[in-house]
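So that we are looking at the same thing, I have put the structure below in structure tokens.
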Amino acid sequence: QAGLFRNQETYAFLEPRQTIRFSEYWMPARGIGGIARANLYGVLNLARHADTVTASFNANQAIPQASLRILQGAALAFGETADLAPEHTWSHETKNAAQGPYTFELRDAKGHVLLRHTEGRYDWTPASEIQTGPQPRLATGDTLELGTDHELQGELLLALGSYQEGLRRAPGDFELSFAAGRLLASLQRYVEAIPYLESAAARATSNPEIAYYLGLAYDGTGGFAHARRAYEAAARMPSFRAAASLKLGELLARSGDGDAALESLHAAKRDLRAAEETIALERALGRPLEASPEGPPSAFLEWDADKGRDAALLRFLAADPERVLEIAAEYMRLGLYRRALDLLARDFPAVPASETEPGAVLPQQHPMVVYYRGYCREKLGESADADYQAAQKLSTLYVFPSRAEDLEVLRAVLRTDPGDMTAHYLLGTQYFARGLTADALAEWNTARRAHAAIPVLDADIGLALLREKHDWSGAVEAFREGLPIDPSNLKLYEGLDSALSLLGRPPAELAAALEKYPDLANMPTELVYSLALVRAEAGEFDRALALFHDRFFVREEGGTNVREVWVEVKTRQALSQAQAGQCDSALGIVNAIGAEVPGLPFTKDGVQPFVDAPRTQYRLAQVEAQCGRAEAAKERWRRVAASADVAWAWRAAQKLPDYQEAQWRARAQAALAKSASPETAAMLEFALGKSTEARARVEQILLLPDRHMSHHLARLAG
């Protein structure tokens, strides 16, 4: 956390895409006084008590013959030379200290200043220079650094967005062009990658990394000659010799040049895949075999040598179709389609459920395995029709195409049979994972228009429209179309909750959508919470409360707690009754809201923290005020106003006689700047009159997974 430290509070004015880096920082030394300042050499505490100034320094590393001085103004108050080490803390007290600021200075044996600090002087940015709200656009170098950070975190599409944003501001920038091209090639977006990489290659003709990724891009688009030249260029340099030689060997093998392919694979033989492929290609060409590579057992080599005669190997492959696809893809990269077909055409034995993933099928029942089989037949000049027709009838559940070979196979299937809706769906899935939302929707909508009964299809379309296109109405239509096909798919109901909320539809409509779940008695816990809350919003409290009975509530780490939902529903029921003049019932809820309820085991303990929450206490005070308990209501509001939850504290303070508008508005503005809760931030923005920002915040909340009643609170935030 970076920011300004005043009165032992942190004010951080950071935006989501802003990067702050620092090598030195300050922190309040609570319980000690003064300011602790630290850098890579150690931590200093410079504190003043009455007429004494104490300097304490703990080194992070050995500093022999360190010079330590304490200055009062320009005059030396104390100085000594000492050997500093992490296991000992150096300190000195200056008695009868003057009022003027003292300075601590640390130098190494050569006289270089390692750390210097003067009382009351800090290197922070003046408040007058702090700009809150949207920050200025990032510089080109910042977009490159931000994109790199995203890549390191595995957020590839965000990284690509950063690189492309930088290129919009600095067209042709070398580093950004290469970064964007490299990432696009890795994402199998080969056509898009080529212009970026060609631009970078023109400025760095000997860069092997650029050449390697340019080879991948040309290879992926079928440009054999260009790919070969690029791989050969990359393979000349030691840093990319193995990687480029492997890809070049595969390219040459597919072209039928076995001798040249083996020569390239030998150049990369320290790579495990290259060693495997060398042996497979030598066996296929009838050449003397290389020794098996050192390392873990290889299912590829075992199959290549054994051809499935070993029962243990067959059982291993039968347990996961992806293992079969991985071996087949390796053969296909070498153009050894007959050997791949021998594997893909095998009927694998059934294996115990304990040895497979939930929902897994045998390889011969997996659509991609059967599509691969047909593709290999096609490459061998045989008919693929029977395989393609069989594959399109298989279930797509838990099938997630991702390999470059998957992309090639699915495109080949659709060239042969454009009416294969299973292939359209799976190709769309692969496109979507690569950030090609428009292409994915085009494939999925082809299947949708054909009324293909593919589970998950409508959920995928709805989520893409919801989160990527922000087409709320279109998303609702897609989710509703999916209900008859896949009525137990949780994503359909979660999507409807988000989309209908974003459209501002009434709670009763949300409840009706969630009630379409086919087995309410066994409805997933998260849907029970959503349904209970929207029923409460609609005033259907008896039906909301009925959902808590005769049910087991699954706990998820970091997820919603059944007790917070129960307390929220009961609180809203009490408020509704009070507003309707039913004060006996309303006050009865207020009096007993934290008590155990017969038949509801979760109310035996753990409820009180949710009752004590500022939001709940504020609402209970509203009930008491409505029903004549004015003093009790004021007391609750006083407690809420003293809480750290500024959004509810501000509301409560407005109910009290000593309310000061300017003070609370300033406090709310400061709280908004450092709020970690999107729901709280939205409430504060609405209260501060920042309606545009608040509505954008609510939209963001409703697009994210519903946690801790976030969708319910977002709907009520205004």
Next item on the list: Would you confirm whether Y163, through its side chain, and E175, through its main-chain N or O, come within 3.5 Å as a donor-acceptor pair?
Entry: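 Absent.
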Next item on the list: Please check if the side chain of N445 supplies one atom and the backbone of L441 the other of a donor-acceptor pair under 3.5 Å.
Entry: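 Yes; at least one donor-acceptor contact below 3.5 Å.
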Item checked: Any pair counted as salt bridge (Lys or Arg N to Asp or Glu O under 4.0 Å), so long as it reaches residues 356-385, sequence neighbours left out ->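 As it turns out, the salt bridge (Lys or Arg N to Asp or Glu O under 4.0 Å) pairs with a partner in residues 356-385, which skip direct neighbours, are R338-E382, R373-D387, R377-E382, R377-D387.
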Margin query: I need the full list of salt bridge (Lys or Arg N to Asp or Glu O under 4.0 Å) pairs touching residues 255-267, with sequence neighbours left out, sorted by first then second residue.
Written below: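 Every salt bridge (Lys or Arg N to Asp or Glu O under 4.0 Å) pair that includes a residue of residues 255-267, provided the two are not neighbours, is D259-R287.
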Check: Does R403 offer a backbone N or O that forms a donor-acceptor pair with the side chain of D406 under 3.5 Å?
Finding: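 Pair found, side chain donor or acceptor close to backbone of R403.
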Next item on the list: Could you tell me whether a side-chain N or O of R467 sits under 3.5 Å from a main-chain N or O of A464, the two making a donor and an acceptor?
Entry: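 Side chain of R467 to backbone of A464, a donor-acceptor pair under 3.5 Å: no, none is there.
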Next item on the list: Indicate yes or no for a side-chain donor-acceptor contact from S245 to the backbone of A268 under 3.5 Å, with no hydrogens or angles considered.
Entry: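 Judged by distance alone, no pair lies under 3.5 Å.
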Notebook entry, point to check: So, do P367 and S395 sit near enough that their side-chain heavy atoms are less than 4.5 Å apart?
Noted result: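 When only atoms from C-beta onward are counted, S395 and P367 do not touch, as no gap falls below 4.5 Å.
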Notebook entry, point to check: Can you pull the side chain to side chain donor-acceptor pair (under 3.5 Å) pairs that have at least one residue in residues 197-217, sequence neighbours excluded?
Noted result: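 Sorted result for residues 197-217: E198-Y218.
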Item checked: Separation between CG of L502 and CG of L702, rounded to the nearest 0.5 Å ->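 CG of L702 is found 4.5 Å from CG of L502.
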Notebook entry, point to check: Would you say the side chains of T143 and E165 form a donor-acceptor pair under 3.5 Å?
Noted result: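 No, no side-chain donor-acceptor contact under 3.5 Å.
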Check: Using a distance-only test with no angle check, is there a side-chain donor-acceptor pair under 3.5 angstrom linking Y431 and Q188?
Finding: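 Looking only at side-chain atoms, Q188 and Y431 do not form any donor-acceptor pair under 3.5 Å.
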Checklist line | side-chain contact (heavy atoms from CB on, under 4.5 Å) partners for E481, two or more places apart | finding: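 side-chain contact (heavy atoms from CB on, under 4.5 Å) list for E481, sorted by chain: R448, D458, E477.
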Check: Judged by modelled atom types alone, do Y190 and D219 share a side-chain donor-acceptor pair under 3.5 Å?
Finding: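 No - no donor-acceptor pair under 3.5 Å links their side chains.
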Check: Within the side chain of Y493, is there an N or O that forms a donor-acceptor pair under 3.5 Å with the backbone of P487?
Finding: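 Yes, Y493 side chain to P487 backbone: donor-acceptor pair under 3.5 Å.
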Margin query: According to salt bridge (Lys or Arg N to Asp or Glu O under 4.0 Å), does anything in residues 409-437 pair up with another residue at least two apart or in another chain? List the pairs.
Written below: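 Listed by first then second residue: nothing to list.
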Margin query: Please find the pair of heavy atoms, one from V351 and one from A318, that lie closest to each other, and give the distance.
Written below: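 Between these two residues, the closest heavy atoms are CG1-CB, 3.9 Å.
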Margin query: Is the ring pair Y337/Y375 parallel, tilted or perpendicular, if the boundaries are 30 and 60 degrees?
Written below: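 Ring orientation of Y337 relative to Y375: perpendicular.
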Item checked: Sequence neighbours excluded, every pair satisfying ring-ring contact (aromatic ring centres under 6.0 Å, His included) that has a member inside residues 274-313 ->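 Qualifying pairs: F300-Y331.
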Next item on the list: Provide the closest heavy-atom pair for P455 versus T396 in the form atom of the first, atom of the second, distance.
Entry: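 Distance-wise, the nearest heavy atoms are O-OG1, 4.1 Å.
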Checklist line | Side chain R254, main chain R333, donor-acceptor under 3.5 Å | finding: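 Yes, because the side chain of R254 sits within donor-acceptor range (under 3.5 Å) of the backbone of R333.
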